[in-house]
Amino acid sequence: MSNSDLLQRSLAAVWHPCSQMKQHAGASAASPMIPIARGKGVWLYDFDGHRYLDGISSWWVNLFGHCNPRINAALREQLDELEHVILAGCTHRPVVELSERLSALTGGTLGHCFYASDGASATEIALKMSFHSWRNGGWEDKTEFLCLSGSYHGETVGALAVTDVALFKDAYAPLIRAAATVPSPDARLAANGETPADVARRAAAALESHLEQHHRRIAALIVEPLIQCASGMAMYDPEYLRLARRLCDRYQVHLICDEIAVGCGRTGTFFAHQQAGIRPDFLCLSKGISGGYLPLSIVLTTDAVYAAFYDDRISRGFLHSHSYTGNALACRAALATLDIFAEDRVIDANRQLAEHLANGLRPLASHPRVSHLRQRGMIAAFDVLSDDGQFPERFHKQALAREILLRPIGNTVYFMPPYVLSHDECDFLVAGAIAALDAALAA
Ligand SMILES: *Cc1c(COP(=O)(O)O)cnc(C)c1O
């Protein structure tokens, strides 16, 4: 097998996600595709002996490197015990243990775990559960949702209703029952002299006036705590979450924290919302929770929501099912992932690694073509001043030439590396990215 063999067969038979396939075609493709033969730690290897440092954790899912020996061992053991069983009417050890451990991580405040296989499904489950729990409680009018501008909560038709990214949404607009949006607390929107907390308070004031008018019809507000990742790593002050929580309580609206991207230690605490000292009514997890091994998503919720469905009548139950709900292998991968967090004191270790990354990136703060250098925990980003629409592709290619896999979102270059990155690998990543930036801007 060679790179070009596999590439040709892939272009003929595989419809790749989030792509214009035509840009992948041909020897001088605008966006070259990389055939991956194997992975080890932070490195991906192709068939022709090249390697690439996975600077984006393979779309934000991989926490502890590729082919992690501890997760591999847990999965091998699980394979010989139970690969999967229907979760309607049956239960098994990995799903019970995972539910108990996730609930414990929320301090017991979110004691009920519902399972699916991907992030968009978790979003839809949280929306349906919120709506249905209000209806079961006699609040028939609460049929609408609220999201932030620039939000991303997945791309199924239901999840697109609360996603505000034009590229993903506009083509399907006629299919979507769009939620209302309120202003994002994105700290980059600061006017002269405003602090990130000021921006948060301004956005919260807009939320307040929206809720004041419309709360009777709104079931839930859905947010990505601290960082709106998919729309370009928009970071905001935790003050927004504190104020939003207070407003949701005052106006009887659920707060859904979508931590599909920012959960699992990404922002410096195990859950991002913990930095605001708040408790959501629903918490969505996916991406990193299985260590990047298997598709798995979870919606955690409160005793109050659970109680709203607990009844003799089936119609008052939560009527939602996925074939692979609570898959035993995926749950076991998640348990192995949580074991690594505990055994290696990952949250503490990441604090040093994040600081090392910040030190490496610091020179970019004075780069003439860079603005809004920003970081929270293990996510760092900066915006590139360039009105040339080809910058993202050019940067991507220049980074690949330096053995680095990074995929800018528009003109935002970001880093979301696996937590097993060594300090030397971190230096390699940063140096390569800076060189790629200058090469892409010079081209
Ligand atoms: C990736 C993502 C989703 C969607 O998850 P999928 O598994 O891709 O469906 C939802 N919300 C956020 C915040 C995400 O980053």
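Heavy atoms only: backbone and side chains are in, while hydrogens, waters and symmetry mates are out.
In terms of the side chain to side chain contact (heavy atoms under 4.5 Å, CB included) criterion, residue partners of Ala159 (sequence neighbours excluded) are, by chain and number, Ala120, Thr123, Glu124, Thr156. In this structure, the ring-ring contact (aromatic ring centres under 6.0 Å, His included) partners of Tyr236, at least two apart in sequence or on a different chain, are Tyr240. Checked against side chain to side chain contact (heavy atoms under 4.5 Å, CB included), His356 has the following partners two or more places apart in sequence or in another chain: His423, Cys426, Asp427. Glu194 meets the salt bridge (Lys or Arg N to Asp or Glu O under 4.0 Å) test with Arg202; sequence neighbours excluded.
Between the side chain of Lys397 and the main chain of Pro392, no donor-acceptor pair closer than 3.5 Å is present. Panel note: side chain Glu97, backbone Ser99; no donor-acceptor pair is recorded below 3.5 Å. Put simply, the side chain of Arg245 gets close to the backbone of Arg279: a donor and an acceptor are under 3.5 Å apart. Of the possible donor and acceptor atoms, none in the side chain of Thr325 sits under 3.5 Å from a partner among the backbone N and O of Ser321. In this structure, Asp46 contributes its side chain and Ala37 its backbone to no donor-acceptor pair below 3.5 Å. Although no hydrogens or angles enter the test, the distance criterion places a donor-acceptor pair under 3.5 Å between the side chain of Ser290 and the main chain of Leu294.
The pair Arg246-Asp249 fails the salt-bridge criterion, with no side-chain N (NZ, NE, NH1 or NH2) lying under 4.0 Å from an Asp/Glu carboxylate O. Under 4.0 Å is where a charged nitrogen must lie from a carboxylate oxygen, and between Asp344 and Arg70 at least one such pair does. Using a 4.0 Å cut-off between charged side-chain N and carboxylate O, Arg177 and Glu144 make no salt bridge. Note on Asp118 versus Lys287: no salt bridge recorded, every NZ/NE/NH1/NH2 to OD/OE distance being 4.0 Å or above. Under the 4.0 Å criterion applied to side-chain N and carboxylate O atoms, Arg188 and Asp383 are assigned as salt-bridge partners.
The aromatic rings of Phe391 and Phe395 sit tilted relative to each other, their planes meeting at an angle between 30° and 60°. Using cut-offs of 30° and 60° for the angle between ring planes, the Tyr251 and His215 rings count as tilted. Note: Phe318 and Phe114 have perpendicular aromatic rings, judged against thresholds of 30 and 60 degrees for the angle between ring planes.
No option in Val96, Leu102, Leu98 other than Val96 meets the side chain to side chain contact (heavy atoms under 4.5 Å, CB included) test with Glu100.
Centroid-to-centroid, the aromatic rings of Phe309 and His132 come within less than 6.0 Å.
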Using residues 164-172 as the side-chain source, report each donor-acceptor pair under 3.5 Å to any protein atom, sequence neighbours left out, with the distance given to one decimal.
from: Asp164; atom 1: OD2; to: Gly150; atom 2: N; distance (Å): 2.8
from: Lys169; atom 1: NZ; to: Thr163; atom 2: O; distance (Å): 2.9

Pairs under 3.5 angstrom only: tabulate donor-acceptor contacts from the side chains of residues 80-90 to other protein residues two or more places apart or in another chain.
from: His84; atom 1: ND1; to: Asn327; atom 2: ND2; distance (Å): 3.0
from: His84; atom 1: NE2; to: Ser323; atom 2: O; distance (Å): 3.4

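Rounding to the nearest 0.5 Å gives a distance of 8.0 Å between CD1 of Ile222 and OG of Ser151.
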Practice problem: Give the C-alpha distance, both sets of side-chain angles, the deciding distance and a yes or no for side-chain hydrogen bond (donor to acceptor under 3.5 Å, both in side chains) between Gln398 and Arg394. | Solution: CA-CA 6 Å; Gln398 292 290 348; Arg394 271 218 304 276; over 6 Å; no
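The nearest pair of heavy atoms linking Asp281 to Leu110 is O-CD2, 4.0 Å. Closest of all the heavy-atom pairs between Pro94 and Ala328 is CB-O, 3.8 Å. Scanning all heavy atoms of the two residues, the minimum distance from Pro368 to Leu385 falls at O-CD1, 3.7 Å. Annotation for Ala380 and Leu361: closest pair CB-CD1, 3.5 Å, computed over non-hydrogen atoms.
Cation-pi check for Arg51 over Tyr45 is not met; the charged atom does not lie both under 6.0 angstrom from the ring centroid and within 45 degrees of its normal.
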